[in-house]
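This is a predicted model, so every value here is computed, not measured.
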Amino acid sequence: MGKPTRWVTETGPEHSQWYIDRFRRLAAEGADLAGEARLLDVLVPPGSRILDAGSGTGRVGAALAARGHTVVGVDADPTLVDAARVDHPGPRWLVGDLAELDLAAAGEPEPFDGAVIAGNVLVFVAPGTERDVLRRVTAHLRPGGVVAVGFGTDRGYPLTDFDADAVAAGLRLEHRFATWDLRPWRDDADFAVTVLRRPSD
């Protein structure tokens, strides 16, 4: 692992369990927890291979697996990965630093058709590693592969920086929305969902 993530430095030791309990409770209450998965599902062919980057408790990757995709999830927090393995067997859940992502070394050499970076992941990675994370995710995509990214616009990572990091990582912006259910983008939106693609040429 490289630098400690903001998930570690900006939250207490009990935060991971609180997060797990929160999503277990929401699932038990019947909350809709699959919005990110629905979006990615329409961006990739049926039966795609998908990277859930910053997979947390596994809710997004599990919803994608339920739609027939092969999912590999990676998160830096072993407590969250353990919860994903318990709650959502099927996908492969791995502990790893997204800024140093090397899935071939973990026995996953095949590239991915798509990736999802949901749950404010990019504002919880170690400061200064956002571009590295995008580069490493891009390196695991097939040419033409797509990545959907969502995070709050008021969380210390300006969209101008994100856009520059995405270009430096070799990605092209295709769409931007204000929510995962595709409400139109506006400059004062407090959340951004961006669809990027690794060029096929």
Side-chain angles (χ1 to χ4, degrees), residues 7 15-96 98 101 103 106 108 110-125 133-134 136-138 140-142 144-152 171 174-183 191-198:
W7 181 263
H15 186 72
S16 294
Q17 190 59 54
W18 170 86
Y19 189 79
I20 292 165
D21 293 342
R22 175 188 177 212
F23 279 101
R24 284 177 174 164
R25 183 179 66 255
L26 289 169
E29 293 169 353
D32 178 9
L33 301 177
E36 301 99 326
R38 283 195 298 273
L39 174 56
L40 198 66
D41 184 50
V42 302
L43 294 173
V44 297
S48 284
R49 183 170 161 81
I50 296 177
L51 171 62
D52 185 356
S55 49
T57 60
R59 65 179 180 84
V60 177
L64 286 162
R67 286 163 169 76
H69 302 292
T70 298
V71 176
V72 177
V74 181
D75 199 281
D77 187 332
T79 302
L80 299 185
V81 172
D82 285 345
R85 289 170 177 161
V86 169
D87 293 350
H88 305 293
R92 187 172 184 204
W93 307 111
L94 301 170
V95 177
L98 295 177
L101 191 64
L103 289 178
E108 294 286 346
E110 187 180 345
F112 293 85
D113 303 293
V116 58
I117 309 176
N120 279 311
V121 166
L122 276 183
V123 297
F124 277 116
V125 300
V133 169
L134 290 169
R136 294 312 306 149
V137 169
T138 303
H140 286 77
L141 291 175
R142 298 181 188 282
V146 66
V147 55
V149 184
F151 60 89
L171 293 165
E174 289 194 346
H175 306 286
R176 176 160 288 148
F177 305 99
T179 61
W180 286 101
D181 60 355
L182 309 187
R183 295 182 191 181
F191 199 84
V193 173
T194 306
V195 177
L196 304 155
R197 193 172 299 274
R198 179 178 181 179

| said: Within the 4.5 Å heavy-atom criterion, are Leu51 and Val116 side-chain neighbours or not? | reply: no
| query | Under the ring-ring contact (aromatic ring centres under 6.0 Å, His included) rule, what pairs show up with a residue in residues 51-92, not counting sequence neighbours? | reply | none
| Nearest-0.5 Å distance, CG of residue Leu64 to OG1 of residue Thr70 | 11.0 Å
| query | About how many Å separate CG of Leu80 and CG of Asp75, when rounded to the nearest 0.5 Å? | reply | 5.0 Å
| Is there a donor-acceptor pair under 3.5 Å between the side chain of Asp21 and the backbone N or O of Phe23? | no
| Is the shortest side-chain N to carboxylate O distance from Arg85 to Asp82 below 4.0 Å? | yes
| Smallest separation among heavy atoms of Leu40 and Ala148, with atom names | CD1-CB, 4.1 Å
| said: For the backbone of Gly145 and the side chain of Arg197, can you confirm whether one donor and one acceptor N or O come within less than 3.5 Å of each other? | reply: no
| query | Is any side-chain heavy atom of Leu122 less than 4.5 Å from a side-chain heavy atom of Ile117? | reply | yes
| Is Glu29 paired with Arg24 through a side-chain N to carboxylate O contact shorter than 4.0 Å? | no
| query | Under 3.5 Å, is there a donor-acceptor pair between the side chain of Ser55 and the main chain of Val74? | reply | yes
| Residue pair Ala84 / Gly56: nearest heavy atoms and the distance that separates them | CB-O, 3.9 Å
| query | How about Leu98 and Val121: do any of their side-chain heavy atoms sit closer than 4.5 Å? | reply | yes
| So do Leu94 and Val81 actually touch side chain to side chain, heavy atoms under 4.5 Å? | no
| task | Provide the closest heavy-atom pair for Pro91 versus Gly61 in the form atom of the first, atom of the second, distance. | result | CG-O, 4.2 Å
| Spacing of NE2 belonging to His175 relative to CG belonging to Leu182, to within rounding of 0.5 Å | 9.5 Å
| Rounded to the nearest 0.5 Å, how far does CD of Glu36 lie from CG of Asp52? | 9.0 Å
| query | If you measure from the Lys or Arg side-chain nitrogens to the Asp or Glu carboxylate oxygens, is any gap between Asp113 and Arg198 under 4.0 Å? | reply | no
| said: Within the structure provided, determine whether Thr179 and Val193 are in side-chain contact (heavy-atom separation under 4.5 Å). | reply: no
| task | Could you check if a side-chain atom of Leu196 sits within less than 4.5 angstrom of a side-chain atom of Val149, using non-hydrogen atoms only? | result | yes
| request: Please examine the side chains of Phe112 and Val137, heavy atoms only from C-beta on, and report whether any two atoms are closer than 4.5 Å. | output: no
| message | For Trp180 versus Ala118, what's the shortest heavy-atom pair and its separation? | response | CZ2-CB, 3.9 Å
| field | Spacing of CZ belonging to Phe151 relative to CZ belonging to Phe124, to within rounding of 0.5 Å | value | 13.0 Å
| field | Residues that Arg67 engages under salt bridge (charged side-chain N to carboxylate O under 4.0 Å, His left out), provided they are two or more places apart | value | none
| field | Polar side-chain atom of Thr138 near backbone of Leu134 as donor-acceptor pair, under 3.5 Å | value | yes
| Student check: side-chain heavy atoms of Phe191 and Phe177 closer than 4.5 Å | no
| message | As an exercise, state the distance from CG of Leu39 to CG of Asp181, rounded to the nearest 0.5 Å. | response | 9.5 Å
| Of all heavy-atom pairs between Ala34 and Asp32, which one has the smallest distance, and what is that distance? | N-OD1, 3.2 Å
| Minimum-distance pair of heavy atoms, taken over all atoms of Arg136 and His140 | O-ND1, 2.7 Å
